[in-house]
Amino acid sequence: PLVSHLPQWMAASMTPLLSSSSPTPKTKSIVAMACAMAMHFFGYEFARGSNMALFTSSTLGFGSVSGSYYPLAMIFVSPVSMVLLLAYGRQLDARGPRRALRNFTFLCISMLALSGTTMATLQYNEAWANIKFLSWTMSQLVIWVSFVFQNSYAHLLYAQQWSFLGSVFTPTQAGKYCSYIAGLSSLSSMVAGASVSKFVGLVGLPGLLGMAALSLTSALALADVAYSLSEKHGFDPSLEMQKHSKEKTKKTAQSSPTDTDNEEAQSNNSLFNQIRQGILLFRQVPTLGALFFEALTFQSLSTTLNTCLVTQLKDAVLDDGRRAAWTGNFYACVNGLSTVFQFLLMPVLTQKMEPKVLWRAMPILPLLCGIAQLLPKSFFPDRLAMASSSSALYLIAISFLTAKTMDYSLRNVLAEMSYVPLSFEARFKGKEIIAVFANRFGKSGMALILSGLHFSSGGSVGLSGVSLFLTLGWLASAVGLSELIPSKDEAERLVAERNKLVDDEKTKSNENDKKKR
């Protein structure tokens, strides 16, 4: 019945997934995880709008100096993300992907709820809010922690959700359905972003953090349903991890005593062991290195454009509530355009074109916007008043909107399709490493550079040239990555071989269990 209400071209591609009167357990798990991801992004829009408005607030936050402190805050995102990654890696090895996702989501819920409760208390108790810690007030310290954590957890969380879907999909299915799943997340983000201006008047900025925690609670329950179905019906991603662990155990048993002692010594130092395993994984899978560099260059560009936007927005919109509403509406536009592309354009492109071609074409439009930023103000018509703060704000907003739309609608889908034919460790651990060290260090590293430029130039540095340079770097990295992306047929063959090995291992395990009985 759902398919009959869709456009004909969409119904044709979605029919295998939705038309059955009795959906398969795999279909149910996919839908559950897709809804979990949508609820995660729904709540994230509330958290982002609240933290951004609080950070730039003249009463509770950093006010007129927020443009200077924003890059410094982004610098702290990478260390926090790295700590979260190390904790996730230990959870993944010790408890498997389901428990790791569950525990990490619960941590995020707790932090959001705590931040919202604390800010609500400080908002209504001015004496507590103004308690000094060195040169910062209590409210600034709490906002700083909340802002840094909010920018640290999102990539790690949705990367785990996508890892599950990448393990369940084949490359052909990923090409058909990933854009719809991403579109569902964009749609939920658009709705949340557009409703920030309404909810902020009802619950206030701290209340938005509480709403984010509630949304993430539903995401936790839905993700747990997806993993429960996979375990019950034999397509659990951890089966591949168990196979790898058995192979590793056999190799360890066959190694010499000296080798075993060395491995035990390394395992005692878990941080060293995780770094060593990560380096080895990237050497074994060159595609991860290319994805790492592509993410690094894009996040550097995104941070530069975001810093420009935050600075201009602070000057053009002075009221905290209006600034939160403006931010929500901006990201609603981004997610709205992304939704249109994901539902109407991406299914056609992924079916008609090879992924490597899409990787090469993706940075072209942001590159044109970067060139437009360098054009002299006299190039534009006088009625646009490009010298005014509002016109300058919208010029930067268009450039950032273009980059983020490409990110949400095309880049994320292509990245997930790139992970599908890779191994379990590449899909789960490699992806998380890229989420932290590329996405987060790209942001933090660029923020450190921008902060240095800001203070060295007295706040007068122009970033248009920097953004154009970074766009060219992103284009070069995307072209380099495209050389390592397999064709659709080759990716399908790799996944079929991987699934056959897992099925063979399950058959052997079942036979051994029967013999023991």
Side-chain angles (χ1 to χ4, degrees), residues 31-53 105 108-109 112 147 149-162 165 177-200 203 205 207-220 222-223 298-299 302 305-306 309-310 313 323-347 397-398 400-416 435 439 443:
V31 172
M33 189 59 78
C35 291
M37 194 184 307
M39 293 307 299
H40 159 48
F41 282 108
F42 184 83
Y44 183 73
E45 289 302 319
F46 291 124
R48 174 162 53 187
S50 174
N51 279 315
M52 184 64 73
T105 306
C108 296
I109 293 169
L112 288 170
F147 182 84
F149 184 81
Q150 173 250 310
N151 280 276
S152 301
Y153 82 82
H155 277 79
L156 287 164
L157 191 56
Y158 92 84
Q160 295 176 55
Q161 294 164 340
W162 268 118
L165 294 170
Y177 306 128
C178 276
S179 60
Y180 294 118
I181 292 172
L184 180 62
S185 295
S186 295
L187 186 62
S188 68
S189 297
M190 179 185 67
V191 172
S195 61
V196 166
S197 58
K198 296 179 176 61
F199 281 112
V200 73
V203 300
L205 294 176
L208 293 180
L209 294 173
M211 293 180 65
L214 290 174
S215 180
L216 208 52
T217 301
S218 63
L220 185 153
L222 288 165
F298 176 79
Q299 293 301 339
S302 179
L305 293 174
N306 198 10
L309 183 65
V310 169
L313 181 61
R323 195 161 53 250
W326 197 100
T327 303
N329 290 332
F330 172 80
Y331 281 102
C333 290
V334 171
N335 288 300
L337 287 173
S338 300
T339 301
V340 172
F341 290 159
Q342 287 159 341
F343 280 109
L344 301 181
L345 186 61
M346 280 301 296
I398 290 172
F400 191 38
L401 181 143
T402 303
K404 295 303 288 184
T405 301
M406 289 294 103
D407 180 27
Y408 292 170
S409 63
L410 185 56
R411 180 175 169 270
N412 284 342
V413 174
L414 291 177
E416 296 308 323
N439 288 326
K443 287 190 173 186

Checklist entry - Just by modelled atom types, is the L187 backbone N or O under 3.5 Å from a matching donor or acceptor in the T339 side chain? => result yes
Checklist entry - Distance from Q150 atom CD to M52 atom CE, nearest 0.5 Å? => result 7.5 Å
Checklist outcome for this item: Smallest heavy-atom separation, Q161 atom then A36 atom, equals NE2-O, 3.9 Å
Checklist entry - So which heavy atom on C178 is nearest to which on V413, and how close? => result CB-CG1, 4.0 Å
Checklist outcome for this item: Scanning both residues in full, the closest heavy-atom pair of A192 with F46 reads O-CE2, 3.8 Å
Checklist outcome for this item: In this structure, OG1 of T405 is separated from CZ of F341 (nearest 0.5 Å) by 6.5 Å
Checklist entry - Hey, what's the ring geometry for H40 with Y44, parallel, tilted or perpendicular (30° and 60° as the breaks)? => result tilted
Next on the checklist: Tell me whether D407 contacts the main-chain N or O of A403 through its side chain, where contact means a donor paired with an acceptor under 3.5 Å.
Outcome noted: no
Item to check | Closest heavy-atom pair and its distance - V196, E45 | outcome: CG2-O, 4.3 Å
Next on the checklist: Assess the residue pair Y408 and S185 against the criterion (side chain to side chain contact (heavy atoms under 4.5 Å, CB included)); give the C-alpha distance rounded to whole Å, side-chain angles, the decisive distance to 0.1 Å, and a yes or no.
Outcome noted: CA-CA 9 Å; Y408 292 170; S185 295; over 6 Å; no
Checklist entry - What are the two closest non-hydrogen atoms of A332 and A194, and how far apart are they? => result CB-N, 3.6 Å
Checklist entry - From N306 CG over to K404 NZ, what is the distance, rounded to the nearest 0.5 angstrom? => result 7.5 Å
Checklist entry - Hey, does S186 have a side-chain heavy atom less than 4.5 Å from the side chain of F41? => result no
Next on the checklist: Go through it in stages, so that I can follow the logic: the residues are V334 and F400, the test is side chain to side chain contact (heavy atoms under 4.5 Å, CB included), and I'd like the CA-CA distance, side-chain angles, deciding distance and then a yes or no.
Outcome noted: CA-CA 9 Å; V334 171; F400 191 38; over 6 Å; no
Checklist entry - Is the count of non-hydrogen atoms from other residues, nucleotides or ligands lying under 6.0 Å from Y158 atom OH greater than 12? => result yes
Checklist entry - Going by the angle between their ring planes, with limits at 30° and 60°, are Y180 and F343 parallel, tilted or perpendicular? => result tilted
Next on the checklist: Determine whether L401 and C333 satisfy the following criterion, side chain to side chain contact (heavy atoms under 4.5 Å, CB included), listing intermediate values before the conclusion.
Outcome noted: CA-CA 8 Å; L401 181 143; C333 290; 4.0 Å; yes
Next on the checklist: With heavy-atom distances below 4.5 Å as the criterion, would you say the side chains of Y153 and L112 are in contact?
Outcome noted: yes
Next on the checklist: If we ignore hydrogens and angles and just use 3.5 Å, is the side chain of S409 paired with the main-chain N or O of Q342 as donor and acceptor?
Outcome noted: no
Item to check | Separation between CE of M406 and CZ of R411, rounded to the nearest 0.5 Å | outcome: 12.5 Å
Item to check | Residues T105, L157; criterion side chain to side chain contact (heavy atoms under 4.5 Å, CB included); working and verdict | outcome: CA-CA 7 Å; T105 306; L157 191 56; 3.3 Å; yes
Item to check | Approximate separation, where rounding is to 0.5 Å, of S215 OG and M39 CE | outcome: 3.5 Å
Checklist entry - Are L208 and V200 side-chain neighbours, meaning at least one heavy-atom pair lies under 4.5 Å? => result yes
Checklist entry - Got a second to check how far W162's CH2 is from E416's CD, nearest 0.5 Å? => result 5.5 Å
Checklist entry - Considering all heavy atoms of both residues, which atom of A38 and which atom of L184 are nearest to each other, and what is their separation? => result CB-CG, 3.9 Å
